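Being a predicted model, the structure only gives us computed values, none of them experimental. Chain letters run A, B, ... following the sequence lines, proteins first, then strands; residues in each count from 1.
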Amino acid sequence: MSFECAGIGKVFPAAQTDIVALKDVSFVVEDGQFVCMVGPSGCGKTTLLRLIAGLDYPTAGRIAFDLPRKSGQLRAAMVFQHFGLFPWMTVLDNVAFGLKMRGESRKVSHLRATEFMGRVGLAGFGGSYPHQLSGGMRQRVAIARAFLADPEILLMDEPFGMLDAQTRIVMQEELLSLWQGRQHTVIYVTHDIEEAIFLGDRILVMSGRPGTLLADIPIDIPRPRERSNVLGKVTDIRLRVWNMLRDEVLRELEMPS
Amino acid sequence: MNDRPRKASRLAPAATFIGFLVTWEVAVRLGWISALFFPSPGAIWISLVKLIGTGALISATGVTLMRFAAGLIAGSVLGALLGLMMGWWPPLNAFLDPFVAAIYPIPKIAIFPLLMIMFGIGEGSKFAAILLTAFFPMLVTSLAGVRQISRIYFEVGKNYGARGTTVFTHILLPGSLPSILAGVRLSTNIAFVIAISVEMISARNGLGVLLFLSWQTFRVSDLYAVLLVIALWGLLLNYAIAYLTRALVPWVGE
(Lines give C-alpha, C1' and ligand atoms only; values in the text may rest on other atoms or scores of the structure.)
Protein backbone atom coordinates (compact mmCIF):
# COMPACT_ATOMS: atom_id res chain seq x y z
CA MET A 1 0.00 0.00 0.00
CA SER A 2 1.16 3.52 -0.74
CA PHE A 3 -1.29 5.56 1.29
CA GLU A 4 -4.82 5.62 2.61
CA CYS A 5 -7.35 8.41 2.83
CA ALA A 6 -9.72 7.70 5.70
CA GLY A 7 -12.86 9.79 6.08
CA ILE A 8 -11.30 12.90 4.60
CA GLY A 9 -13.34 16.05 4.97
CA LYS A 10 -12.41 19.63 4.17
CA VAL A 11 -14.41 22.68 5.09
CA PHE A 12 -13.38 26.19 4.07
CA PRO A 13 -14.77 28.78 6.43
CA ALA A 14 -16.63 31.55 4.62
CA ALA A 15 -18.56 34.62 5.63
CA GLN A 16 -22.07 33.40 4.84
CA THR A 17 -22.01 29.60 4.94
CA ASP A 18 -18.92 27.44 5.20
CA ILE A 19 -17.94 25.69 1.98
CA VAL A 20 -17.82 21.94 2.31
CA ALA A 21 -15.29 20.94 -0.34
CA LEU A 22 -14.85 17.29 0.61
CA LYS A 23 -17.00 14.98 2.66
CA ASP A 24 -16.04 11.56 3.98
CA VAL A 25 -13.69 10.53 1.18
CA SER A 26 -12.03 7.17 1.80
CA PHE A 27 -9.85 5.09 -0.48
CA VAL A 28 -6.64 3.09 -0.47
CA VAL A 29 -3.95 3.50 -3.13
CA GLU A 30 -1.58 0.63 -3.79
CA ASP A 31 2.09 1.18 -4.33
CA GLY A 32 2.89 1.97 -7.96
CA GLN A 33 -0.72 2.41 -8.94
CA PHE A 34 -1.86 4.97 -11.53
CA VAL A 35 -5.07 6.40 -10.13
CA CYS A 36 -7.18 8.81 -12.14
CA MET A 37 -9.75 11.05 -10.56
CA VAL A 38 -12.64 12.55 -12.50
CA GLY A 39 -15.53 14.71 -11.42
CA PRO A 40 -17.39 17.90 -12.21
CA SER A 41 -15.44 21.11 -11.80
CA GLY A 42 -15.40 22.47 -8.29
CA CYS A 43 -15.79 19.01 -6.77
CA GLY A 44 -12.72 19.23 -4.61
CA LYS A 45 -10.29 17.19 -6.73
CA THR A 46 -7.61 19.86 -6.52
CA THR A 47 -8.30 20.28 -2.80
CA LEU A 48 -7.77 16.55 -2.30
CA LEU A 49 -4.44 16.69 -4.18
CA ARG A 50 -3.31 19.61 -2.05
CA LEU A 51 -4.13 17.64 1.09
CA ILE A 52 -2.11 14.66 -0.13
CA ALA A 53 0.74 17.01 -1.08
CA GLY A 54 0.73 18.43 2.43
CA LEU A 55 -0.02 21.94 1.20
CA ASP A 56 -3.19 22.05 3.30
CA TYR A 57 -4.78 20.10 6.16
CA PRO A 58 -8.02 18.11 6.19
CA THR A 59 -10.65 19.24 8.67
CA ALA A 60 -11.78 15.64 9.19
CA GLY A 61 -10.23 12.22 8.78
CA ARG A 62 -6.59 11.49 8.05
CA ILE A 63 -4.16 10.49 5.34
CA ALA A 64 -1.90 7.64 6.33
CA PHE A 65 1.27 7.06 4.31
CA ASP A 66 2.59 3.56 4.45
CA LEU A 67 5.93 3.52 2.70
CA PRO A 68 9.12 3.91 4.66
CA ARG A 69 10.89 6.78 2.92
CA LYS A 70 14.43 6.76 1.72
CA SER A 71 16.25 9.50 3.56
CA GLY A 72 15.50 12.87 2.06
CA GLN A 73 12.99 11.47 -0.42
CA LEU A 74 10.01 13.63 -1.16
CA ARG A 75 6.68 12.19 -0.19
CA ALA A 76 4.71 13.80 -2.98
CA ALA A 77 5.62 16.08 -5.88
CA MET A 78 2.93 18.02 -7.64
CA VAL A 79 2.57 18.90 -11.31
CA PHE A 80 0.42 21.98 -11.15
CA GLN A 81 -2.40 22.84 -13.50
CA HIS A 82 -0.75 26.02 -14.69
CA PHE A 83 2.69 24.39 -14.77
CA GLY A 84 4.02 26.36 -11.80
CA LEU A 85 7.38 26.83 -13.48
CA PHE A 86 9.57 29.55 -12.03
CA PRO A 87 9.72 32.24 -14.72
CA TRP A 88 13.09 33.47 -13.38
CA MET A 89 14.81 30.13 -13.79
CA THR A 90 16.05 28.61 -17.00
CA VAL A 91 14.51 25.33 -18.09
CA LEU A 92 17.58 23.55 -16.74
CA ASP A 93 17.26 25.17 -13.31
CA ASN A 94 13.54 24.44 -13.22
CA VAL A 95 14.07 20.76 -13.99
CA ALA A 96 16.89 20.53 -11.45
CA PHE A 97 14.92 22.35 -8.74
CA GLY A 98 13.66 19.27 -6.89
CA LEU A 99 17.12 17.71 -6.80
CA LYS A 100 18.68 20.92 -5.52
CA MET A 101 16.09 21.21 -2.79
CA ARG A 102 16.95 17.67 -1.75
CA GLY A 103 20.47 18.86 -1.16
CA GLU A 104 22.18 17.70 -4.34
CA SER A 105 25.03 19.91 -5.51
CA ARG A 106 24.44 22.29 -8.39
CA LYS A 107 26.78 20.25 -10.57
CA VAL A 108 25.15 16.88 -9.94
CA SER A 109 21.61 18.19 -10.25
CA HIS A 110 22.43 19.97 -13.52
CA LEU A 111 24.07 16.84 -14.88
CA ARG A 112 21.12 14.65 -14.03
CA ALA A 113 18.64 17.25 -15.24
CA THR A 114 20.42 17.52 -18.59
CA GLU A 115 20.40 13.76 -18.97
CA PHE A 116 16.72 13.55 -18.10
CA MET A 117 15.78 16.41 -20.42
CA GLY A 118 17.18 14.41 -23.30
CA ARG A 119 14.66 11.69 -22.56
CA VAL A 120 11.61 13.94 -22.58
CA GLY A 121 12.36 15.95 -25.72
CA LEU A 122 13.86 18.95 -23.97
CA ALA A 123 17.44 18.53 -25.19
CA GLY A 124 18.89 21.88 -26.20
CA PHE A 125 16.29 23.91 -24.29
CA GLY A 126 18.22 24.07 -21.03
CA GLY A 127 19.14 27.73 -21.42
CA SER A 128 15.67 28.89 -22.44
CA TYR A 129 13.22 30.54 -20.10
CA PRO A 130 9.70 29.14 -19.64
CA HIS A 131 8.04 32.09 -21.38
CA GLN A 132 9.93 31.19 -24.55
CA LEU A 133 8.38 27.70 -24.70
CA SER A 134 5.03 26.43 -25.98
CA GLY A 135 2.45 25.08 -23.54
CA GLY A 136 3.37 21.48 -24.32
CA MET A 137 7.07 22.09 -23.80
CA ARG A 138 6.37 23.87 -20.52
CA GLN A 139 4.41 20.93 -19.25
CA ARG A 140 7.28 18.63 -20.24
CA VAL A 141 9.49 20.79 -18.03
CA ALA A 142 7.03 20.54 -15.14
CA ILE A 143 6.78 16.75 -15.55
CA ALA A 144 10.55 16.38 -15.80
CA ARG A 145 10.92 18.42 -12.62
CA ALA A 146 8.47 16.17 -10.79
CA PHE A 147 9.92 12.88 -12.04
CA LEU A 148 13.49 13.93 -11.39
CA ALA A 149 12.63 14.84 -7.80
CA ASP A 150 11.82 11.12 -7.50
CA PRO A 151 8.98 11.37 -5.00
CA GLU A 152 7.00 8.44 -3.62
CA ILE A 153 3.82 9.85 -5.08
CA LEU A 154 3.30 12.01 -8.16
CA LEU A 155 0.30 14.29 -7.98
CA MET A 156 -0.92 15.70 -11.29
CA ASP A 157 -3.63 18.34 -11.44
CA GLU A 158 -5.10 18.37 -14.94
CA PRO A 159 -1.60 18.68 -16.32
CA PHE A 160 -2.69 18.56 -19.96
CA GLY A 161 -5.89 20.54 -19.52
CA MET A 162 -4.47 23.61 -21.24
CA LEU A 163 -2.99 21.78 -24.23
CA ASP A 164 -4.61 21.21 -27.59
CA ALA A 165 -6.04 17.77 -28.30
CA GLN A 166 -3.18 16.50 -30.48
CA THR A 167 -0.45 17.63 -28.11
CA ARG A 168 -2.37 16.09 -25.25
CA ILE A 169 -2.35 12.67 -26.93
CA VAL A 170 1.41 12.81 -27.46
CA MET A 171 1.97 13.94 -23.87
CA GLN A 172 -0.21 11.16 -22.48
CA GLU A 173 1.90 8.58 -24.23
CA GLU A 174 5.14 10.20 -23.05
CA LEU A 175 3.83 10.25 -19.51
CA LEU A 176 2.94 6.55 -19.62
CA SER A 177 6.33 5.52 -20.95
CA LEU A 178 8.07 7.57 -18.26
CA TRP A 179 5.87 6.07 -15.59
CA GLN A 180 6.38 2.53 -16.86
CA GLY A 181 10.10 2.88 -16.39
CA ARG A 182 9.77 3.98 -12.78
CA GLN A 183 6.39 2.93 -11.40
CA HIS A 184 5.72 5.81 -9.11
CA THR A 185 2.36 5.96 -7.47
CA VAL A 186 0.39 8.54 -9.48
CA ILE A 187 -2.77 10.44 -8.62
CA TYR A 188 -3.97 12.10 -11.79
CA VAL A 189 -6.84 14.56 -11.80
CA THR A 190 -8.61 15.15 -15.10
CA HIS A 191 -12.02 16.08 -16.46
CA ASP A 192 -11.43 13.99 -19.56
CA ILE A 193 -12.92 10.51 -19.05
CA GLU A 194 -11.15 9.06 -22.08
CA GLU A 195 -7.81 10.31 -20.81
CA ALA A 196 -8.53 8.68 -17.44
CA ILE A 197 -9.30 5.37 -19.13
CA PHE A 198 -6.15 5.47 -21.27
CA LEU A 199 -3.84 6.32 -18.39
CA GLY A 200 -5.25 4.83 -15.21
CA ASP A 201 -5.30 1.51 -13.39
CA ARG A 202 -8.52 2.72 -11.83
CA ILE A 203 -10.80 5.71 -11.92
CA LEU A 204 -12.15 7.39 -8.85
CA VAL A 205 -15.37 9.19 -9.73
CA MET A 206 -16.16 12.18 -7.53
CA SER A 207 -19.52 13.85 -7.00
CA GLY A 208 -20.21 17.54 -7.19
CA ARG A 209 -19.81 19.71 -4.11
CA PRO A 210 -19.47 18.55 -1.43
CA GLY A 211 -17.03 16.11 -3.05
CA THR A 212 -17.65 12.51 -2.17
CA LEU A 213 -16.47 9.33 -3.81
CA LEU A 214 -19.17 8.02 -6.17
CA ALA A 215 -17.39 5.02 -7.62
CA ASP A 216 -14.07 3.26 -7.92
CA ILE A 217 -13.79 1.66 -11.34
CA PRO A 218 -10.90 -0.65 -12.21
CA ILE A 219 -9.49 -0.35 -15.75
CA ASP A 220 -8.23 -3.80 -16.64
CA ILE A 221 -6.66 -3.02 -19.99
CA PRO A 222 -3.23 -4.66 -20.15
CA ARG A 223 -0.10 -2.49 -20.35
CA PRO A 224 1.73 -1.28 -22.29
CA ARG A 225 -1.40 0.26 -23.71
CA GLU A 226 -1.89 1.06 -27.35
CA ARG A 227 -4.46 3.64 -28.17
CA SER A 228 -6.01 1.21 -30.69
CA ASN A 229 -6.70 -1.55 -28.18
CA VAL A 230 -7.90 0.93 -25.60
CA LEU A 231 -10.42 2.49 -27.97
CA GLY A 232 -12.61 -0.64 -28.08
CA LYS A 233 -12.97 -0.76 -24.33
CA VAL A 234 -13.49 2.91 -23.92
CA THR A 235 -17.14 3.07 -24.88
CA ASP A 236 -18.68 1.00 -22.13
CA ILE A 237 -16.52 2.35 -19.30
CA ARG A 238 -17.05 5.81 -20.59
CA LEU A 239 -20.81 5.36 -20.63
CA ARG A 240 -20.72 4.01 -17.11
CA VAL A 241 -18.72 6.97 -15.82
CA TRP A 242 -20.68 9.50 -17.77
CA ASN A 243 -24.02 8.19 -16.51
CA MET A 244 -22.72 8.76 -13.01
CA LEU A 245 -21.33 12.20 -13.72
CA ARG A 246 -24.22 13.46 -15.80
CA ASP A 247 -26.55 13.99 -12.84
CA GLU A 248 -23.74 15.63 -10.89
CA VAL A 249 -22.94 18.04 -13.66
CA LEU A 250 -26.61 18.90 -14.12
CA ARG A 251 -26.95 19.47 -10.41
CA GLU A 252 -23.89 21.74 -10.43
CA LEU A 253 -25.32 23.73 -13.31
CA GLU A 254 -28.57 24.43 -11.50
CA MET A 255 -26.89 25.31 -8.25
CA PRO A 256 -26.38 28.99 -7.46
CA SER A 257 -22.68 29.43 -7.05
CA MET B 1 16.11 45.40 -46.86
CA ASN B 2 15.35 45.28 -43.22
CA ASP B 3 18.12 47.36 -41.79
CA ARG B 4 17.43 50.43 -43.82
CA PRO B 5 14.55 51.66 -41.66
CA ARG B 6 16.48 50.60 -38.57
CA LYS B 7 19.52 52.59 -39.57
CA ALA B 8 17.29 55.54 -40.37
CA SER B 9 15.62 55.37 -36.98
CA ARG B 10 19.01 55.31 -35.30
CA LEU B 11 20.25 58.29 -37.28
CA ALA B 12 17.10 60.34 -36.87
CA PRO B 13 17.70 61.44 -33.24
CA ALA B 14 21.30 62.43 -34.05
CA ALA B 15 20.17 64.43 -37.08
CA THR B 16 17.47 66.15 -35.03
CA PHE B 17 20.02 67.00 -32.36
CA ILE B 18 22.55 68.42 -34.79
CA GLY B 19 19.82 70.39 -36.52
CA PHE B 20 18.75 71.79 -33.17
CA LEU B 21 22.30 72.89 -32.29
CA VAL B 22 22.83 74.55 -35.65
CA THR B 23 19.54 76.43 -35.39
CA TRP B 24 20.43 77.55 -31.87
CA GLU B 25 23.89 78.79 -32.92
CA VAL B 26 22.49 80.67 -35.89
CA ALA B 27 19.65 82.14 -33.82
CA VAL B 28 22.09 83.54 -31.26
CA ARG B 29 24.44 84.94 -33.91
CA LEU B 30 21.61 86.67 -35.73
CA GLY B 31 20.39 88.08 -32.42
CA TRP B 32 17.02 86.31 -32.52
CA ILE B 33 17.50 85.10 -28.99
CA SER B 34 19.48 86.66 -26.19
CA ALA B 35 22.99 85.32 -25.66
CA LEU B 36 22.57 86.33 -22.06
CA PHE B 37 20.00 83.65 -21.36
CA PHE B 38 20.87 81.25 -24.14
CA PRO B 39 24.60 81.41 -24.86
CA SER B 40 25.42 79.76 -28.16
CA PRO B 41 26.48 76.11 -28.28
CA GLY B 42 29.94 77.32 -29.31
CA ALA B 43 30.26 79.51 -26.20
CA ILE B 44 29.07 76.67 -23.98
CA TRP B 45 31.64 74.39 -25.58
CA ILE B 46 34.40 76.89 -24.85
CA SER B 47 33.27 77.13 -21.21
CA LEU B 48 33.22 73.37 -20.98
CA VAL B 49 36.75 73.01 -22.33
CA LYS B 50 37.94 75.78 -20.00
CA LEU B 51 36.30 74.19 -16.92
CA ILE B 52 37.80 70.81 -17.78
CA GLY B 53 41.16 72.47 -18.40
CA THR B 54 41.32 74.06 -14.95
CA GLY B 55 40.37 70.70 -13.41
CA ALA B 56 37.42 72.31 -11.62
CA LEU B 57 34.80 70.34 -13.49
CA ILE B 58 36.52 66.99 -13.15
CA SER B 59 37.12 67.31 -9.42
CA ALA B 60 33.56 68.57 -8.88
CA THR B 61 32.17 65.64 -10.86
CA GLY B 62 34.27 63.23 -8.84
CA VAL B 63 33.11 64.67 -5.51
CA THR B 64 29.44 64.65 -6.50
CA LEU B 65 29.57 61.13 -7.88
CA MET B 66 31.27 59.83 -4.75
CA ARG B 67 28.63 61.41 -2.49
CA PHE B 68 25.86 60.19 -4.72
CA ALA B 69 27.22 56.64 -4.99
CA ALA B 70 27.86 56.25 -1.27
CA GLY B 71 24.38 57.43 -0.31
CA LEU B 72 22.69 55.52 -3.11
CA ILE B 73 24.40 52.22 -2.38
CA ALA B 74 23.89 52.41 1.38
CA GLY B 75 20.29 53.61 1.05
CA SER B 76 19.19 51.16 -1.59
CA VAL B 77 20.81 48.12 0.02
CA LEU B 78 19.20 48.95 3.36
CA GLY B 79 15.87 49.80 1.71
CA ALA B 80 15.80 46.61 -0.35
CA LEU B 81 16.69 44.44 2.64
CA LEU B 82 14.06 45.98 4.87
CA GLY B 83 11.47 45.86 2.07
CA LEU B 84 12.16 42.16 1.44
CA MET B 85 11.96 41.40 5.16
CA MET B 86 8.68 43.29 5.46
CA GLY B 87 7.32 41.33 2.52
CA TRP B 88 8.51 38.06 4.00
CA TRP B 89 7.25 38.65 7.50
CA PRO B 90 3.83 40.38 7.62
CA PRO B 91 3.96 41.41 11.31
CA LEU B 92 7.01 43.56 10.58
CA ASN B 93 5.12 45.15 7.72
CA ALA B 94 2.08 45.82 9.90
CA PHE B 95 4.31 47.48 12.46
CA LEU B 96 6.44 49.61 10.11
CA ASP B 97 3.93 50.47 7.40
CA PRO B 98 2.49 53.57 9.12
CA PHE B 99 5.98 55.01 9.58
CA VAL B 100 6.92 54.34 5.98
CA ALA B 101 3.65 55.83 4.76
CA ALA B 102 4.27 58.96 6.80
CA ILE B 103 7.95 59.53 5.99
CA TYR B 104 8.09 58.39 2.35
CA PRO B 105 6.21 61.35 0.85
CA ILE B 106 8.31 64.00 2.63
CA PRO B 107 10.78 65.45 0.12
CA LYS B 108 14.13 64.67 1.66
CA ILE B 109 15.40 68.10 0.74
CA ALA B 110 12.79 69.46 3.19
CA ILE B 111 14.38 67.63 6.10
CA PHE B 112 17.91 68.57 5.04
CA PRO B 113 18.07 71.48 7.55
CA LEU B 114 17.13 69.02 10.28
CA LEU B 115 19.80 66.62 9.05
CA MET B 116 22.39 69.43 9.17
CA ILE B 117 21.45 70.06 12.80
CA MET B 118 21.81 66.35 13.54
CA PHE B 119 24.88 65.46 11.51
CA GLY B 120 26.61 68.79 11.01
CA ILE B 121 27.28 70.66 7.80
CA GLY B 122 30.01 68.25 6.66
CA GLU B 123 29.61 65.03 4.71
CA GLY B 124 27.37 63.40 7.34
CA SER B 125 24.20 65.33 6.59
CA LYS B 126 24.68 65.01 2.82
CA PHE B 127 25.22 61.27 3.13
CA ALA B 128 22.09 60.99 5.30
CA ALA B 129 19.94 63.00 2.88
CA ILE B 130 20.98 60.95 -0.16
CA LEU B 131 20.71 57.71 1.79
CA LEU B 132 17.16 58.51 2.93
CA THR B 133 16.21 59.56 -0.58
CA ALA B 134 17.33 56.24 -2.04
CA PHE B 135 16.06 54.21 0.92
CA PHE B 136 12.31 54.74 0.67
CA PRO B 137 11.65 54.00 -3.01
CA MET B 138 13.76 50.85 -2.66
CA LEU B 139 11.82 49.78 0.39
CA VAL B 140 8.46 50.35 -1.24
CA THR B 141 9.32 48.69 -4.57
CA SER B 142 10.95 45.63 -3.03
CA LEU B 143 8.03 45.20 -0.66
CA ALA B 144 5.65 45.42 -3.62
CA GLY B 145 7.95 43.02 -5.47
CA VAL B 146 7.51 40.35 -2.83
CA ARG B 147 3.77 40.99 -2.63
CA GLN B 148 3.22 40.43 -6.34
CA ILE B 149 4.92 37.01 -6.41
CA SER B 150 2.12 34.56 -7.11
CA ARG B 151 1.31 32.25 -4.21
CA ILE B 152 1.75 29.29 -6.50
CA TYR B 153 5.55 29.73 -6.58
CA PHE B 154 5.73 29.53 -2.80
CA GLU B 155 3.59 26.40 -2.93
CA VAL B 156 5.78 24.81 -5.58
CA GLY B 157 8.79 25.63 -3.43
CA LYS B 158 7.19 24.17 -0.33
CA ASN B 159 6.06 21.10 -2.24
CA TYR B 160 9.62 20.41 -3.42
CA GLY B 161 11.07 20.93 0.02
CA ALA B 162 12.36 24.52 -0.10
CA ARG B 163 12.71 25.96 3.39
CA GLY B 164 13.82 29.22 4.96
CA THR B 165 16.86 30.56 3.18
CA THR B 166 16.27 28.55 -0.01
CA VAL B 167 12.83 30.14 -0.29
CA PHE B 168 14.58 33.49 0.02
CA THR B 169 17.31 32.82 -2.55
CA HIS B 170 15.27 30.81 -5.07
CA ILE B 171 11.84 32.44 -4.92
CA LEU B 172 11.62 35.65 -2.92
CA LEU B 173 14.70 37.41 -4.26
CA PRO B 174 14.50 36.49 -7.97
CA GLY B 175 10.71 36.87 -7.93
CA SER B 176 10.92 40.43 -6.67
CA LEU B 177 14.00 41.37 -8.70
CA PRO B 178 12.13 43.06 -11.58
CA SER B 179 10.39 45.32 -9.09
CA ILE B 180 13.62 45.91 -7.15
CA LEU B 181 15.33 47.03 -10.36
CA ALA B 182 12.48 49.43 -11.07
CA GLY B 183 13.23 50.74 -7.59
CA VAL B 184 16.93 51.11 -8.44
CA ARG B 185 16.01 53.26 -11.38
CA LEU B 186 13.75 55.44 -9.27
CA SER B 187 16.25 55.73 -6.40
CA THR B 188 19.16 56.51 -8.70
CA ASN B 189 17.34 59.35 -10.38
CA ILE B 190 16.10 61.11 -7.27
CA ALA B 191 19.29 60.44 -5.32
CA PHE B 192 21.23 62.18 -8.12
CA VAL B 193 18.86 65.14 -7.98
CA ILE B 194 19.15 65.35 -4.20
CA ALA B 195 22.96 65.02 -4.31
CA ILE B 196 23.20 68.13 -6.48
CA SER B 197 20.49 69.95 -4.51
CA VAL B 198 22.20 69.53 -1.12
CA GLU B 199 25.46 70.71 -2.67
CA MET B 200 23.73 73.90 -3.75
CA ILE B 201 22.58 74.46 -0.17
CA SER B 202 25.71 73.59 1.72
CA ALA B 203 28.96 72.34 0.29
CA ARG B 204 32.43 73.49 -0.58
CA ASN B 205 32.75 71.46 -3.74
CA GLY B 206 30.77 69.40 -6.21
CA LEU B 207 28.67 69.99 -9.30
CA GLY B 208 25.96 71.71 -7.28
CA VAL B 209 28.50 74.20 -5.97
CA LEU B 210 29.89 74.86 -9.43
CA LEU B 211 26.38 75.45 -10.70
CA PHE B 212 25.55 77.85 -7.92
CA LEU B 213 28.87 79.66 -8.26
CA SER B 214 28.25 80.14 -11.99
CA TRP B 215 24.93 81.76 -11.15
CA GLN B 216 26.38 84.02 -8.44
CA THR B 217 29.15 85.23 -10.75
CA PHE B 218 26.69 85.35 -13.67
CA ARG B 219 28.78 83.16 -15.95
CA VAL B 220 25.82 81.79 -17.87
CA SER B 221 27.82 79.70 -20.33
CA ASP B 222 29.55 77.99 -17.37
CA LEU B 223 26.12 77.28 -15.94
CA TYR B 224 25.12 75.59 -19.18
CA ALA B 225 28.35 73.62 -19.30
CA VAL B 226 27.73 72.20 -15.81
CA LEU B 227 24.09 71.45 -16.67
CA LEU B 228 25.33 69.60 -19.73
CA VAL B 229 27.61 67.43 -17.62
CA ILE B 230 24.78 66.71 -15.17
CA ALA B 231 22.45 65.76 -18.02
CA LEU B 232 25.08 63.47 -19.55
CA TRP B 233 25.61 61.67 -16.25
CA GLY B 234 21.87 61.27 -15.86
CA LEU B 235 21.70 59.75 -19.31
CA LEU B 236 24.64 57.45 -18.61
CA LEU B 237 23.18 56.25 -15.31
CA ASN B 238 19.85 55.45 -16.92
CA TYR B 239 21.49 53.54 -19.74
CA ALA B 240 23.56 51.61 -17.22
CA ILE B 241 20.44 50.65 -15.27
CA ALA B 242 18.62 49.61 -18.43
CA TYR B 243 21.61 47.42 -19.31
CA LEU B 244 21.76 46.00 -15.80
CA THR B 245 18.04 45.22 -15.91
CA ARG B 246 18.35 43.33 -19.20
CA ALA B 247 21.30 41.36 -17.82
CA LEU B 248 19.73 40.50 -14.47
CA VAL B 249 16.13 39.77 -15.42
CA PRO B 250 16.28 38.26 -18.91
CA TRP B 251 13.00 36.46 -18.26
CA VAL B 252 11.02 39.69 -18.16
CA GLY B 253 9.58 41.38 -21.17
CA GLU B 254 9.74 40.80 -24.92
Side-chain angles (χ1 to χ4, degrees), chain A residues 46-47 49-56 69 71-91 93-104 106 109 127-133 138 141-142 144-157, chain B residues 76 80-81 83-85 87-90 138 141-185 241-254:
Chain A
T46 300
T47 305
L49 278 196
R50 289 171 52 84
L51 296 180
I52 300 168
L55 291 172
D56 207 344
R69 275 192 283 175
S71 73
Q73 189 185 11
L74 269 188
R75 174 157 281 156
M78 186 109 145
V79 176
F80 292 81
Q81 194 172 3
H82 300 285
F83 317 132
L85 298 176
F86 299 114
W88 50 83
M89 290 186 196
T90 60
V91 166
D93 280 322
N94 266 295
V95 174
F97 183 70
L99 284 176
K100 256 190 225 162
M101 290 304 109
R102 263 173 46 186
E104 289 287 0
R106 185 187 161 84
S109 41
S128 305
Y129 284 91
H131 79 270
Q132 298 168 313
L133 304 184
R138 280 186 219 179
V141 177
R145 175 170 71 182
F147 267 92
L148 202 60
D150 195 28
E152 275 174 38
I153 306 162
L154 273 170
L155 304 168
M156 309 185 98
D157 188 6
Chain B
S76 43
L81 282 179
L84 289 174
M85 282 198 288
W88 200 8
W89 196 47
M138 281 307 286
T141 50
S142 48
L143 174 61
V146 176
R147 288 274 184 77
Q148 54 78 42
I149 301 174
S150 168
R151 240 171 65 104
I152 189 155
Y153 299 123
F154 290 106
E155 294 207 323
V156 174
K158 190 182 174 201
N159 185 230
Y160 283 87
R163 298 283 178 272
T165 49
T166 43
V167 173
F168 186 85
T169 54
H170 285 76
I171 299 167
L172 209 89
L173 194 58
S176 52
L177 200 54
S179 184
I180 289 178
L181 285 165
V184 168
R185 185 175 195 137
I241 291 164
Y243 177 80
L244 193 73
T245 303
R246 271 197 304 277
L248 288 179
V249 290
W251 67 87
V252 178
E254 275 124 274

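Note: Asn159(B) CG to Phe97(A) CZ = 9.5 Å, rounded to the nearest 0.5 Å.
For a residue to count as touching a neighbouring chain, one of its non-hydrogen atoms must lie under 4.5 Å from one of that chain's; by this rule Leu85(A) touches chain B with the backbone only. Contacts of Ile171(B) with chain A are made by both backbone and side-chain atoms, with heavy-atom separations under 4.5 Å. Using a 4.5 Å cut-off between heavy atoms, Phe80(A) contacts chain B through its side chain alone, with no backbone atom that close. Looking at Arg50(A), the atoms closer than 4.5 Å to chain B (heavy atoms on both sides) all sit in the side chain, from C-beta outward. The part of Ala149(A) that comes within reach of chain B is its side chain, from C-beta onward, which places non-hydrogen atoms under 4.5 angstrom from that chain.
Residue pairs meeting the side chain to side chain donor-acceptor pair (under 3.5 Å) criterion with at least one member in residues 160-175 of chain B: none, sequence neighbours excluded.
Closest approach of Leu55(A) and Glu155(B) over heavy atoms only: CD2-O, 3.7 Å. Nearest heavy atom pair, residue Pro250(B) against residue Tyr129(A), reads CG-OH, 3.2 Å.
Take Ser150(B) and apply the side-chain contact (heavy atoms from CB on, under 4.5 Å) test, not counting sequence neighbours, and it matches Ile152(B), Tyr153(B).
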